[in-house]
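Since the structure comes first, as structure tokens, the remarks are kept for the end.
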Amino acid sequence: MKVLQKFTNFYKNLTLRKRIVYLFTLAAFIPFFCAVILSYNAIYTILENKLEDGAFSHLKHTELSLSNTMNDLAQISHQFVYPSSLALKLKDLQETDDPAELTSLNEAIQTELDYISYTNSTAGLTMYVDNGGRPVFRNMPVRQDFSFDELPVIGKYSGITYYGPHISNNPLNTRYVVSISKEVNIPDNDSVQLYIESSFSLTQNMLKANQQVNNSFFLLLDGDGRIAYSELNSLFAVDDYFDEIVTGDISGSIGGYYWFRTESDQGWSMVSLISSGEYNEEKTIWITQMLILAVIFGMFSLAIAFLLRKMVYKPIRQFDSEIQAITTNNFQFKSEPTNIPEFDEFLDQLQHMKKRIAELIEEVELKEKKRADLEIEKLMYQINPHFLMNTLDTVHWLALINKQTDIDQLVSSLNKLLYYNLKKSGKVSTIEEEIDSLVQYCKIQEFRHNFSFNIVKKVEEESLKTPVPRFILQPLVENAIYHGLAEEGHIEVIVEKKDENTILISIHDNGSGLSGEEIENILSTDIKNNKEVIGIGMNYVKRMLESHYENRAYFTIKSEKGKGTTVELHLPIN
């Protein structure tokens, strides 16, 4: 009883943080310990089976057997091609017309062919085939419908064509074999094709594989991923392409099967297909055990959650009451203490917060009243821009009626410029609109200053629609007029496409020019403190380029004292 009393007193003195730490430590480690014990046997079984390693191991063994067989056939083929004794006899046979010698050579060739194929256990049906596809010498019977075109090609290497598993072309043999063909070039004579089949029983090998790996099937792919042989033709038909090969992976899942692939030295690949159900059997057992364990953990967690609810729910309800009081502007409400130090501290902070909120509400109400007064005052002093433009339009027509051409042009340009400046389309315009606005601005300035201007566009029409920040050209021209031009001044604006991704806008004047030190100050001085050096307009252009293009646009200044200044804007098209 004393021990229980001590534990009770210890628990009552714990803060909420310590209580949560202790309880959740128990909740975490007890289920984890149980999970380790219950899942150990299942995990051990999965690791012991090593199904994936077994599949790869057996697949590699089968692939090596098939590859070695093809290599053996390639080695045997050297005994049949020129300048072997057999090929020399073929050469003599093609060059003689003597009947007796023909008979002797035929017998000698057939005897040597039988001997070579007999002494090589790997070789099965072996024959020479003429250019017309007819067997001329063979060691076994040949099917009448024999054709190289019907054989499943899996690769061509070093002049040898390799064929995947197929039914033997010996009518007395219905087993699967692999085969090769090679052209026998005889100097100064017609070439013939050498064809050699293996005596390798692929079907028997496959059955052994299926006994070791339940529900597994094999595919044989050429270098391009085409299926040359399939044990599961219903899903992976011969001459279709095994799409998963293009990813370069050696394993994966497709169509309810897990697949594993090995590639031979000759470029072709062998794929093993294992049913997902068989492959996941051990995983399913483990998952079932984990689900049962999860139910137990869930019940245990619910019990812990109930304890936490008893400990946390009441203070949370008090916090909720405090929040409700704030939403109803009841700033005098105060909750009872919870006897949990952290929660009581939070309640005190809420009381301070309520007091501050009340003060802020009063302050906001006062500011809103002042703001409403400012809005009314602002409306009283606003000028309707449409009224101004309509008035200018009236002046334009009066000047036109009275044949006051200069006034007409000046008012028309001013009206267009005001419309562009006052329109509500945002901060983004286009190069074409900027140029049009610049034309109107220059026309107005011509009436005030003695200078001429010229705008040259060396760019496609669609490039003129490129979005740009508004008012990036007018400040540059304005700077040239007020700070650079002398009498008989001239300004030229050139728009050209620098490359596929950049448009170059050049503004050149024939004014007094800038020194190197002045140019360096313009380009290097902090734009926020640069108004005295380059003026508000240049400062605006520099800031807009940095803000809008994020360091992908820039401008350069080229100038020489007494010869004018050129400002170049480099703007990205995209």
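Numbering of residues begins at 1 and proceeds along the displayed sequence. These numbers come from a predicted model, not from an experiment.
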Practice prompt. State, with a plain yes or no, whether a side-chain heavy atom of Lys497 is found less than 4.5 Å away from one of Ile573.
Written response: yes
Fill in: Candidates Ile274, Val271, Leu235 - the one meeting side-chain contact (heavy atoms from CB on, under 4.5 Å) with Tyr257
Leu235
Worksheet item: Under 4.5 Å between any side-chain heavy atoms of Leu151 and Asn169, yes or no?
Response: yes
Worksheet item: Considering the options Leu569, Ile505, Ile503, Leu571, which one meets the side-chain contact (heavy atoms from CB on, under 4.5 Å) requirement together with Val468?
Response: Leu571
Discussion item. Walk me through whether Phe146 and Tyr195 qualify under ring pair (Phe, Tyr, Trp, His ring centres under 6.0 Å).
Written reply: CA-CA 11 Å; Phe146 169 78; Tyr195 175 78; 5.2 Å; yes
Discussion item. For a 4.5 angstrom cut-off between non-hydrogen side-chain atoms, does Val178 reach Met70?
Written reply: yes
Worksheet item: Relative to the ring of Tyr162, is the ring of Tyr157 parallel (under 30°), tilted (30 to 60°) or perpendicular (over 60°)?
Response: tilted
Discussion item. Using side-chain heavy atoms (C-beta onward) and a distance below 4.5 Å, is Tyr554 in contact with Tyr549?
Written reply: no
Item to complete: Taking only Lys NZ, Arg NE, NH1 and NH2, and the carboxylate oxygens of Asp or Glu, determine whether Lys465 and Glu432 approach each other closer than 4.0 Å.
Response: yes
Discussion item. Under a 3.5 Å cutoff, is there a donor and acceptor pairing between the side chains of Ser191 and Glu183?
Written reply: yes
Practice prompt. Indicate whether any N or O donor in one side chain lies under 3.5 Å from an N or O acceptor in the other, for Gln110 and Asp114.
Written response: yes
Discussion item. Counting C-beta onward and ignoring hydrogens, is there a side-chain heavy-atom pair between Val493 and Ile507 closer than 4.5 Å?
Written reply: yes
Fill in: Audit row: His548, Ile472, side chain to side chain contact (heavy atoms under 4.5 Å, CB included) steps and yes/no
CA-CA 11 Å; His548 188 79; Ile472 61 170; over 6 Å; no
Worksheet item: If we only count heavy atoms from C-beta on, is the Leu464 to Thr430 side-chain gap below 4.5 Å?
Response: no
Discussion item. When you compare the side chain of Trp268 with that of Leu66, does any pair of heavy atoms fall below 4.5 Å?
Written reply: yes
Item to complete: Would you please classify the geometry between the Phe236 ring and the Phe242 ring as parallel, tilted or perpendicular, with 30° and 60° separating the classes?
Response: tilted
Fill in: Mutual orientation of the aromatic rings belonging to Tyr176 and Tyr229 [parallel < 30°, tilted 30-60°, perpendicular > 60°]
perpendicular
Worksheet entry | Geometric class of the Tyr128/Phe137 ring pair [parallel <30°, tilted 30-60°, perpendicular >60°] | perpendicular
Item to complete: Decide yes or no for Glu568 and Leu504: does some side-chain heavy atom of the first lie under 4.5 Å from some side-chain heavy atom of the second?
Response: yes
